Amino acid sequence: MDKRYQKTTKPLTITDLQAMKQGGEKISCLTAYDASFSSLLDKVGIDLLLVGDSLGMVIQGQASTVPVTMTDMIYHSRCVARARRRAFVVADLPFMSYATLKMALQNAAALMQSGGAQMVKFEGAKPEIISALVAEGVPVCGHLGLLPQSINQLGGYRVQGKDSQAAQKIIEDAQKIEQAGASLLVLECVPSSLAQQICRQLSIPVIGIGAGADCDGQILVLYDILNIDSGRKPRFFKDFLAESGSIESAVQLYHSEVKEGLYPGPEHSY
Ligand code: KIV
């Protein structure tokens, strides 16, 4: 566990994550889908566990996150929430589960009440949905850049915000998300210069995946840091297990490299 937290397993709150941004401490995040990994990641000191809808691919063997249901998300969120002691738990609202305000409110309530999540994340800039959730006491994490739930519109997993018009749109969306009351923002697969600009402009913590070293924190899919999938690897991929003797050491290495600003390096960034 990170030295600063060795003596405490006090559950982290959104205020602690905010204080990390203000204090310049990087936030270490990983996806988790079950109780065993939740407990291991928590023990190592990972700050935030995301029950990502990436479970559709890495757990269920689906081709994308699109088939993931609320029933799946509640089940996995409950498994993760039950086993963690200190880490902050965020769960994804799956495809189409926040298509209307009413659906977003009902499904966010289910993720928190039945799934034990402390915050919900959803893709895209939907300020009216964010403000309605926040008004009801639901903490929200936005998600911009590459939006995997829109893969059938995008036609492929590509870096987003490369030209100035697309970059400007992401900057404006990030501002709208913060202004609507979100507490966190995930930025996926964007040039590091764009991510740096957004991190500086926003007061909420920005967590990057393929978004460069200047983000306030980093997140990766757990199974990717363990190199479980033999498929094509994105640029930000790093096999932490190859450099460690065990799964626990691989998670520890990831955690310390994020905290020390060693991961991601320029070779992992766009
Ligand atoms: O579902 C997921 O795992 C995610 C991360 C890639 C950020 O949204």
Side-chain angles (χ1 to χ4, degrees), residues 17 27-34 37-38 41 46-70 72-77 79-80 87-98 107-108 111 115 117 119-126 140-151 154 156-160 170 174 177 182-190 195 198 204-212 215-226 228-229 231-238 251 254 258 263-264 268 270:
L17 301 179
I27 303 168
S28 68
C29 318
L30 278 173
T31 63
Y33 316 101
D34 65 39
F37 272 115
S38 169
L41 270 44
I46 297 294
D47 299 315
L48 183 151
L49 305 180
L50 171 68
V51 188
D53 59 357
S54 50
L55 69 85
M57 291 148 103
V58 299
I59 303 283
Q60 299 175 336
Q62 314 269 15
S64 76
T65 59
V66 171
V68 177
T69 64
M70 272 304 297
D72 298 331
M73 291 309 304
I74 291 170
Y75 172 80
H76 288 280
S77 182
C79 294
V80 170
F88 192 77
V89 178
V90 181
D92 270 341
L93 279 165
F95 180 67
M96 289 297 284
S97 68
Y98 48 98
N107 289 323
L111 277 182
M119 177 180 280
V120 301
K121 172 167 91 56
F122 61 89
E123 297 181 9
K126 294 176 182 276
V140 173
C141 175
H143 183 152
L144 292 176
L146 177 60
L147 306 180
Q149 290 175 12
S150 303
I151 190 62
L154 295 171
Y157 296 98
R158 295 192 196 93
V159 184
Q160 304 293 306
I170 295 176
I177 284 173
S183 305
L184 283 179
L185 175 67
V186 166
L187 267 186
E188 180 165 356
C189 279
V190 297
I198 293 172
I204 58 173
V206 177
I207 311 298
I209 171 165
C215 293
D216 305 306
Q218 298 292 330
I219 185 154
L220 286 176
V221 170
L222 171 65
Y223 291 15
D224 287 346
I225 72 161
L226 304 177
I228 286 177
D229 180 12
R232 199 166 153 257
K233 306 290 191 287
R235 193 175 159 90
F236 55 86
F237 168 83
K238 179 167 175 182
V251 175
Y254 168 75
V258 169
Y263 176 85
H268 303 118
Y270 301 103

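For ligands, and for the atoms within them, numbers begin at 1 and follow the listed sequence. All of these numbers come straight from a predicted model, not from anything done at the bench.
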Below 4.0 angstrom from a heavy atom of [X], which ligand 1 atoms are there? Numbered from 1 as shown, please.
| X | result |
| --- | --- |
| S54 | 1 (O), 2 (C), 3 (O) |
| T31 | 3 (O) |
| H143 | 8 (O) |
| I209 | 6 (C) |
| G52 | 1 (O), 2 (C), 3 (O) |

Set of residues satisfying salt bridge (charged side-chain N to carboxylate O under 4.0 Å, His left out) with respect to K238, sequence neighbours excluded: E243, E257
Results of salt bridge (charged side-chain N to carboxylate O under 4.0 Å, His left out) for D53 - residues two or more places apart only: none
Check whether T31 reaches the backbone of L50 with its side chain - one donor and one acceptor, N or O, closer than 3.5 Å. no
Look only at the side chain of Q218 and the backbone of G212, and say whether a donor-acceptor pair between them is shorter than 3.5 Å. yes
[X], portion touching ligand 1 at heavy-atom distance under 4.0 Å:
| X | answer |
| --- | --- |
| D92 | side chain |
| D53 | both |
| L50 | side chain |

Note, I151 side chain near Y157 side chain (heavy atom, < 4.5 Å): yes
Close approach of K121 to ligand 1, heavy atoms, under 4.0 angstrom: yes
Between SG of C29 and CD1 of I46, what distance do you get to the nearest 0.5 Å? 8.0 Å
Once you measure the plane-to-plane angle for Y33 and H76, does it fall in the parallel (<30°), tilted (30-60°) or perpendicular (>60°) bin? perpendicular
